[in-house]
Amino acid sequence: AIFAFVVTTLMLTIEHVTREREPGMRGAMAYLRAQAALDEPVLTLTPQVFLTAKPYLSEDGRLRLVSLTLDRQLHSAGPLLLESDLVPPDWPRRSGARSFWLIRSDSYRFLGNEDLNVLEQATVENSERLAITQWEQENWWERPILLEHYSEASPKIQTSHRTVDASHP
């Protein structure tokens with residue numbers, strides 16, 4: 001009985017320390033709420049990441065799932081999604097947002113890698129990554145949560161000899 005108590009206490013202590021050191025989605029969303037402006041959209045590429053993040057961001061309505069199809073019934077999580085949750089890959093540019101956040105994790109690549117890569121490239125096209133942070137998941141077999149901050153790409157001016165970045169003198 002004493003051995004079982006010691007083992008259980010040790011396991012719970014290790015789990016607590018691990019959760020504090022590797023906060024996963026909980027930590028990533030706490031960071032996002034502290035860093036992101038309320039007018040910055042928050043995008044995900046898979047229903048699994050979207051549904052994991054949604055409880056942390058449900059009060060402000062800025063979380064969206066980027067999709068090549070806007071029919072929620074074609075997603076594995078269709079019954080849990082609203083039509084308003086889905087946006088096309090070019091939505092960050094069409095929405096008028098000057099910056100946005102992207103939440104990703106390779107643990108949830110339920111789409112074929114090629115489709116997901118195309119989706120990601122189309123979403124961040126003409127955007128400049130400002131920052132990327134990584135949050136380890138609580139379970140050792142899960143890949144990290146990646147939180148990326150993007151803004152509109154700096155305008156380029158074409159000269160006769162070279163391209164110059166107009167945002168830097």
Side-chain angles (χ1 to χ4, degrees), residues 11-12 14-151:
M11 288 175 63
L12 290 174
I14 290 171
E15 181 180 355
H16 176 72
V17 169
T18 301
R19 284 187 182 185
E20 293 304 312
R21 195 181 83 238
E22 302 172 355
M25 187 63 79
R26 180 179 61 249
M29 294 302 93
Y31 177 85
L32 180 75
R33 285 192 312 270
Q35 298 296 317
L38 288 176
D39 63 344
E40 290 181 303
V42 180
L43 307 175
T44 64
L45 301 174
T46 62
Q48 294 75 18
V49 172
F50 176 84
L51 293 172
T52 306
K54 192 170 184 171
Y56 300 101
L57 298 173
S58 61
E59 71 279 354
D60 60 28
R62 60 187 166 148
L63 181 66
R64 297 288 186 269
L65 173 60
V66 177
S67 179
L68 295 174
T69 176
L70 300 181
D71 184 350
R72 69 183 180 89
Q73 297 305 323
L74 297 178
H75 289 278
S76 58
L80 302 173
L81 298 173
L82 302 172
E83 295 294 335
S84 61
D85 292 334
L86 301 171
V87 295
D90 65 345
W91 187 77
R93 291 173 295 289
R94 290 191 309 136
S95 72
R98 297 189 53 82
S99 60
F100 65 94
W101 294 80
L102 180 64
I103 310 168
R104 298 188 303 113
S105 177
D106 287 342
S107 292
Y108 308 106
R109 282 181 141 340
F110 285 96
L111 293 172
N113 286 346
E114 185 175 326
D115 292 341
L116 196 53
N117 290 336
V118 167
L119 186 62
E120 181 178 350
Q121 288 173 355
T123 303
V124 301
E125 184 179 35
N126 297 322
S127 299
E128 181 179 341
R129 186 166 56 194
L130 301 174
I132 182 170
T133 55
Q134 178 173 302
W135 301 87
E136 296 299 323
Q137 298 270 31
E138 294 177 14
N139 298 311
W140 62 268
W141 64 84
E142 292 181 296
R143 305 284 297 154
I145 298 290
L146 300 175
L147 187 55
E148 300 173 73
H149 191 201
Y150 287 90
S151 73

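Computation of the quantities below employed the complete heavy-atom set of this structure, encompassing side-chain atoms and omitting hydrogens, waters and symmetry-equivalent molecules.
- The structure places CE of M29 at 10.0 Å from OG1 of T52, a figure rounded to the nearest 0.5 Å.
- Closest approach of E148 to E120, counting heavy atoms only: OE2-OE2, 4.5 Å.
- Here the shortest heavy-atom pairing between L86 and S67 reads CD2-CB, 4.2 Å.
- Applying the side-chain contact (heavy atoms from CB on, under 4.5 Å) test to A97 and every residue at least two apart in sequence or in another chain returns P41, S95.
- Taking each heavy atom of S105 and I145 in turn, the nearest pair found is CB-CD1, 3.9 Å.
- Listed by chain and number, the residues in a side-chain contact (heavy atoms from CB on, under 4.5 Å) with P88 are L70, D90, W91, R94 (sequence neighbours excluded).
- In this structure, L32 and L57 have side chains that are in contact, with non-hydrogen atoms separated by less than 4.5 Å.
- Scanning all heavy atoms of the two residues, the minimum distance from V66 to P89 falls at CG1-CA, 3.6 Å.
- No donor-acceptor contact under 3.5 angstrom links the side chains of H149 and Q35, judged on distance only.
- The CZ atom of R129 sits 4.5 Å away from the OH atom of Y150 when rounded to the nearest 0.5 Å.
- Atom CG of D85 and atom CG of L65 lie 7.5 Å apart (nearest 0.5 Å).
- Note: L146 CG to D106 CG = 7.0 Å, rounded to the nearest 0.5 Å.
- For R33, there are no salt bridge (Lys or Arg N to Asp or Glu O under 4.0 Å) partners two or more places apart in sequence or in a different chain.
- The number of heavy atoms from other shown groups lying within 6.0 Å of CZ (R93) is above 12.
- One N or O on the side chain of R64 and one on the backbone of S84 form a donor-acceptor pair closer than 3.5 Å.
- Between R104 and L45 the shortest side-chain heavy-atom distance falls below 4.5 Å.
- Checked against side-chain contact (heavy atoms from CB on, under 4.5 Å), L80 has the following partners two or more places apart in sequence or in another chain: L51.
- Heavy-atom minimum distance, P92 versus L43: CG-CD1, 3.4 Å.
- Taking all atoms of both residues into account, the shortest heavy-atom contact from M25 to I103 is CE-CG2, 4.1 Å.
- For A34, the side-chain contact (heavy atoms from CB on, under 4.5 Å) criterion is met by no residue, not counting sequence neighbours.
- Sorted by first and then second residue, the ring-ring contact (aromatic ring centres under 6.0 Å, His included) pairs with a member in residues 30-73 read Y31-W135; sequence neighbours excluded.
- The CG atom of L119 sits 5.0 Å away from atom CG of L68, with the distance rounded to the nearest 0.5 Å.
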